[in-house]
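As the structure is a prediction and not an experimental result, all values here were calculated from the model.
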Amino acid sequence: MRDVVRHLVWGVALGALLAANPSVKAAEGGLSFYIEGQAVPLGGVVPPQGLYFDSTTYFYNGRLGGNRATQLGGNIIADAKVNIVADFATVLWVTPVKILDGDLALALVMPFGEPAVRAGVLINGPLVNQALGRPAGASVGDATLNPGDPIVSASLGWHSGHWHWKLAGVVSIPAGGYEPGQLSNIALNRYLGDISAAATYLDPTIGIELSAAAGFTLNGTNPSTRYTTGHEFHIDVSASKYLTKELSVGVIASHYQQLTGDSGPGARLGPFKGRTTAVGGTLGLTALAGHIPVTARVKVLREVEVENRFQGTVGFLEVSFPLWVPTPKAAAEPKPVAAKF
């Protein structure tokens, strides 16, 4: 079973490696950059040296009801619904470089997608002012397919027996297709960084995986809206069982907490600090496509205990596989021993 689980780790760890990776969510809109449950399972594992590809399709359906308001693109809206479909294409290079005896990995992520937003009440903002020149209570909808902000990351991973752990840093660069004044944007249009630590216990013999990943997101200012999102904390945990050599099931829990309030001239609703807890499950399957191990994973989580955020359901469909891994070096042939008599 060890070889199959190793192949599975190569695939799934690509998705887990970017523990603090991209999200189409933002605290500016009552959501967050970090997506609940994205860092686990296998959150502490860095794959072996090589080049890997991951496509993570993200689904989110949520609502901000109860006459609560939020801001999107500088617009103040209430009774809002959001339906997001986005994909995050990731290329990961696990280098041969060692730092503090840890494996160095570098990644580039390019998001693109279509957030569909429907607001029952448009209170104020660019959309109203452009159309009417004054605030109004009309409903409005927006759905635009565009590229998000590119994201780069670096990680250091260590291994000892059944234990794996890593440190990761992520930077999001405001160079996507952000459209000022609109409701539908996958780009965040601000610099932000995320630092995280993760650990995994993986026993291939009995097929048990336990992971935990925690981190902090440091947010910059969106110059278009003059909105500065507060700093955030997030933590994910998972427990999985391999039912066969190829199939695993597990449970996931996640918590998000905004530590400092939103600020700046554009934060017209005040600090707007949010929090949420999400719980759900995961199903993973690994198969060989020729000689290439391909891992597919589905994750679904439901947000509960929500404050100052959309509340809904989070879904992932991840497909990961290695593009290239070094050929194992052949063992040197024993040299004949010459003896003198």
_Criterion side chain to side chain contact (heavy atoms under 4.5 Å, CB included) on Q71 and L269, from CA distance to verdict_ = CA-CA 8 Å; Q71 290 184 233; L269 297 178; 3.7 Å; yes
*Between the side chain of R226 and the main-chain N/O of G74, is any donor-acceptor distance below 3.5 Å?*
no
*Tell me whether L156 is reachable from V97 by hopping between hydrophobic residues (I, L, V, M, F, W, Y) whose side-chain heavy atoms are closer than 4.5 Å.*
yes
*Would you name the heavy atoms of M110 and P147 that are closest together and state the gap between them?*
CE-CB, 3.8 Å
_Test item: side-chain donor near acceptor, E318 and S320, under 3.5 Å_ = no
*Determine, stepwise, if the pair S55 / D87 fulfils side chain to side chain donor-acceptor pair (under 3.5 Å).*
CA-CA 7 Å; S55 174; D87 190 81; 2.9 Å; yes
_Do T260 and H231 pair up side chain to side chain, a donor and an acceptor below 3.5 Å, judged on atom types alone?_
no
*Shortest non-hydrogen contact from L92 toward A105*: CD1-CB, 3.9 Å
*Using the side chain to side chain donor-acceptor pair (under 3.5 Å) rule, take D236 and Y34 through it: C-alpha gap first, then chi angles, then the decisive distance, then the call.*
CA-CA 11 Å; D236 293 335; Y34 189 81; 2.5 Å; yes
*Is the backbone of P326 close enough, under 3.5 Å, to the side chain of Q49 for a donor and an acceptor to pair up by distance?*
no
*Kindly give the heavy-atom pair with the smallest separation between V306 and F310, and that separation in Å.*
CG1-O, 3.7 Å
*Using atom types as modelled and distance alone, determine if a side-chain donor or acceptor of K241 lies under 3.5 Å from a backbone N or O of I206.*
yes
*asked:* Run E36 and T276 through side chain to side chain donor-acceptor pair (under 3.5 Å) and show every step you take.
replied: CA-CA 9 Å; E36 305 96 306; T276 188; 4.6 Å; no
*asked:* With no hydrogens and no angle check, just 3.5 Å: does a side-chain donor-acceptor pair link T313 and N61?
replied: no
*For the side chain of T221 and the backbone of P223, is there at least one donor-acceptor N/O pair under 3.5 Å apart?*
no
*Decide salt bridge (Lys or Arg N to Asp or Glu O under 4.0 Å) for D149 and R190; before the verdict, give the C-alpha distance in whole Å, the side-chain angles of both, and the deciding distance to 0.1 Å.*
CA-CA 9 Å; D149 297 327; R190 67 177 185 270; over 6 Å; no
*What do you reckon, is CH2 of W93 surrounded by more than 12 foreign heavy atoms closer than 6.0 Å?*
no
_Strictly below 4.0 Å, N to O, side chains only: are D262 and K273 in salt-bridge contact?_
no
_Once salt bridge (charged side-chain N to carboxylate O under 4.0 Å, His left out) is applied, do any residues pair with D103, and if so which ones, sequence neighbours excluded?_
K98
*asked:* Tell me whether N308 contacts the main-chain N or O of G274 through its side chain, where contact means a donor paired with an acceptor under 3.5 Å.
replied: no
*Cluster link L301 to F59, ILVMFWY, side chain under 4.5 Å*: no
*Which atom pair, heavy atoms only, marks the closest approach of G177 to N185?*
O-OD1, 3.8 Å
_Minimum heavy-atom separation for T200 and G44, please, with both atom names._
OG1-N, 2.7 Å
_Atom pair OG/NZ of S196 and K166 - distance to nearest 0.5 Å_ = 6.0 Å
_Looking at N75 and I77, would you say the former's side chain and the latter's main chain have a donor-acceptor pair under 3.5 Å?_
no
_Is there a path of hydrophobic side-chain contacts, each under 4.5 Å between heavy atoms of I/L/V/M/F/W/Y residues, joining V314 to V298?_
no
*Indicate the atoms forming the closest heavy-atom contact of K299 with G37, along with that distance.*
NZ-O, 3.0 Å
*Which word best sums up how the rings of Y201 and H162 line up, parallel for under 30°, tilted for 30 to 60°, or perpendicular for over 60°?*
perpendicular
_Within one Ile-Leu-Val-Met-Phe-Trp-Tyr cluster: V152 and F112, side-chain cutoff 4.5 Å_ = no
*Flag for E179-T144: side-chain donor and acceptor within less than 3.5 Å*: no
_Candidate pair W163 and W158, rule side chain to side chain contact (heavy atoms under 4.5 Å, CB included), full reasoning_ = CA-CA 8 Å; W163 288 96; W158 296 265; over 6 Å; no
_Using modelled atom types and a 3.5 Å cut-off, is there a donor and acceptor pairing between side-chain atoms of N222 and backbone atoms of S224?_
yes
*Decide yes or no for R63 and Q311: does some side-chain heavy atom of the first lie under 4.5 Å from some side-chain heavy atom of the second?*
no
_Test your reading of the model: is there a side-chain donor-acceptor pair from R275 to the backbone of H255, 3.5 Å cut-off?_
no
*Any donor-acceptor N/O pair, T228 side chain to G264 backbone, under 3.5 Å*: no
*Under 6.0 Å from the CD atom of E307, do we count more than 12 heavy atoms belonging to anything else shown?*
yes
*Hey, would you say the Y256 and H234 ring centroids sit under 6.0 Å apart?*
no
*Report the distance from atom CD1 of I84 to atom OH of Y58, rounding to the nearest 0.5 Å.*
5.0 Å
_Is there a path of hydrophobic side-chain contacts, each under 4.5 Å between heavy atoms of I/L/V/M/F/W/Y residues, joining I35 to V237?_
no
*Go through E303 and R309 one step at a time and tell me if the salt bridge (Lys or Arg N to Asp or Glu O under 4.0 Å) criterion holds.*
CA-CA 10 Å; E303 295 175 322; R309 288 167 54 94; 3.6 Å; yes
*Using only heavy-atom distances, determine whether the side chains of N219 and E232 contain a donor-acceptor pair under 3.5 Å.*
yes
*Give a yes-or-no answer on whether the side chains of S240 and S248 include a donor-acceptor pair shorter than 3.5 Å.*
no
*Within the distance-only criterion (no hydrogens, no angle test), does the side chain of S211 pair as donor or acceptor with the backbone N or O of L42 below 3.5 angstrom?*
yes
_Regarding T282 and R297, do their side chains bring together a donor and an acceptor under 3.5 Å, going by distance alone?_
yes
_For F53 together with F321, are the ring centres under 6.0 Å from each other?_
yes
